[in-house]
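One structure is given below, encoded as structure tokens.
Note that the coordinates shown come from a computational prediction; the quantities given were computed from them, not determined experimentally.
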Amino acid sequence: MAIKLHEKILLTGAAGGLGKVLRESLKQNCTMLRLSDVVDFGAAAEGEEIMLADLANAAQVDAMVQGVDAIVHMGGKSVDGPFQPIMMANILGAYNLYEAARKFGVKRVIFASSNHVVGFYSQGETITADAPARPDGNYGLSKAFGEDLARYYFDRYGIETACVRIGSSFAEPKDRRMLATWLSFGDLHRLITACLTTPVLGYSVVFGMSNNTVTWWDNARAKHVGYQPQDSSDVFREAVYARTSAPDLNNPAATCHGGGFVTMGPYEA
């Protein structure tokens with residue numbers, strides 16, 4: 001059972017893939033879970049309240065944030081594509097969210113960042129959270145902005161943030177790359193719970209991954225949040241190898257951290 005330190009947590013992007021997963025598990029962390037997305041996703045269940053909002057609309061974001069004491073920000077565009085929609089949802093949207101947090105006194109944010117902030121690093125090297133950003137597309141670029149935004153709002157206004165660079169969070173790994181990047185649904189909730197409950201979060205960049213034997217990310221800098229993954233992609237390794245072919249080492253999509261994202265685009269205006 002998660003430690004319940006918060007009266008009301010806001011979960012943005014509640015209609016998305018991981019939002020649906022967290023909608024159930026995050027109820028353990030609070031008395032009331034406020035759910036938000038830009039699209040209607042049905043009625044509230046017990047222990048929930050729903051408030052629709054467009055992240056690019058500052059007034060709607062203000063209303064969404066007012067009255068909560070922590071935010072789990074999963075909202076926005078989650079795939080690469082043309083810049084304009086990503087800018088509105090992920091860049092302007094993140095700014096609106098942090099401005100609302102400042103105005104209404106919310107002091108802890110869990111920001112869903114992405115491995116695509118560092119997508120152009122080689123799979124032949126292991127990096128720490130201190131490695132310079134190397135975004136692999138417009139999406140990764142927007143998440144790099146979000147991390148810098150969170151740093152500014154911590155330094156200037158004392159809003160603590162965990163920037164969780166989510167790897168690949170699915171029921172199980174789909175391919176060989178995900179053997180290194182996989183984050184189980186259970187470990188996703190354990191990681192967010194750790195970030196919500198650690199006494200001093202500060203500004204932290206945490207890699208969102210399970211206890212996978214092969215990994216390109218050193219999470220040692222995140223020891224202070226107390227995250228202890230309990231799952232591993234290793235149990236899927238044999239099956240994944242059996243159904244997939246060996247990677248083409250001349251293809252950057254097979255040799256970079258970001259996988260296929262490094263070869264997407266450019267996009268027509």
Side-chain angles (χ1 to χ4, degrees), residues 16-18 21 74 76-83 85-86 90 112-147 163-188 190-191 205-222 227-268:
L18 294 185
V21 171
M74 307 295 292
K77 296 289 184 183
S78 60
V79 295
D80 204 38
F83 182 71
I86 290 175
N90 293 11
S113 187
S114 172
N115 70 92
H116 296 291
V117 169
V118 289
F120 266 114
Y121 280 95
S122 168
Q123 293 179 14
E125 58 186 319
T126 303
I127 64 170
T128 71
D130 294 329
R134 293 179 66 181
D136 56 24
N138 291 330
Y139 171 68
L141 189 64
S142 75
K143 292 300 185 179
F145 171 84
E147 292 188 3
C163 297
V164 179
R165 289 180 179 170
I166 297 172
S168 308
S169 194
F170 297 94
E172 61 181 64
K174 296 181 177 182
D175 54 33
R176 296 189 186 196
R177 173 180 173 271
M178 289 190 190
L179 291 171
T181 63
W182 188 61
L183 174 65
S184 72
F185 294 151
D187 282 341
L188 171 65
R190 281 183 276 272
L191 176 52
V205 177
V206 184
F207 289 104
M209 60 184 185
S210 287
N211 188 28
N212 311 320
T213 296
V214 173
T215 182
W216 317 310
W217 308 321
D218 181 348
N219 235 357
R221 297 284 180 135
Y227 170 52
Q228 295 182 322
Q230 296 181 20
D231 299 319
S232 172
S233 67
D234 297 359
V235 298
F236 301 101
R237 179 177 298 277
E238 186 175 335
V240 168
Y241 268 70
R243 67 172 184 261
T244 58
S245 56
D248 176 4
L249 298 184
N250 294 312
N251 182 356
T255 60
C256 291
H257 288 201
F261 275 48
V262 304
T263 59
M264 297 175 69
Y267 305 98
E268 297 298 326

Exercise. With side chain to side chain contact (heavy atoms under 4.5 Å, CB included) as the test, would you mind laying out the steps for D80 and H116 before giving the verdict?
Key: CA-CA 10 Å; D80 204 38; H116 296 291; over 6 Å; no

Indicate the atoms forming the closest heavy-atom contact of [X] with [Y], along with that distance.
| X | Y | value |
| --- | --- | --- |
| P82 | N138 | C-ND2, 3.8 Å |
| I86 | Y139 | CD1-N, 3.8 Å |
| D136 | V262 | CB-CG1, 3.7 Å |
| R176 | V240 | N-CG1, 3.6 Å |

Quiz item: Rounded to the nearest 0.5 Å, how far apart are CE of M178 and OG of S169?
Solution: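 These two atoms lie 10.0 Å from each other.
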
Could you work out, with side chain to side chain contact (heavy atoms under 4.5 Å, CB included) as the rule, every residue matching [X], not counting sequence neighbours?
| X | result |
| --- | --- |
| S122 | E125 |
| T128 | D130, D218 |
| S232 | N212, D234 |

Can you check whether [X] reaches [Y] side chain to side chain, under 4.5 Å on heavy atoms?
| X | Y | result |
| --- | --- | --- |
| H257 | I127 | yes |
| W217 | N115 | yes |
| V164 | S113 | no |

Quiz item: Between R190 and Y227, is NZ or CZ placed under 6.0 angstrom from the six-membered ring centre and within 45° of the ring axis?
Solution: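 No, a cation-pi geometry is absent between R190 and Y227.
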
Practice problem: In sequence, state the C-alpha distance, the side-chain angles, and the governing distance for E147 and R165, and then conclude on side chain to side chain contact (heavy atoms under 4.5 Å, CB included). | Solution: CA-CA 10 Å; E147 292 188 3; R165 289 180 179 170; 2.9 Å; yes

Exercise. Could you walk me through whether W216 and T181 pass the side chain to side chain contact (heavy atoms under 4.5 Å, CB included) test, one step at a time?
Key: CA-CA 8 Å; W216 317 310; T181 63; 3.4 Å; yes

Quiz item: Without hydrogens or angle criteria, can the side chains of S210 and D187 be said to hold a donor-acceptor pair below 3.5 Å?
Solution: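 Yes.
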
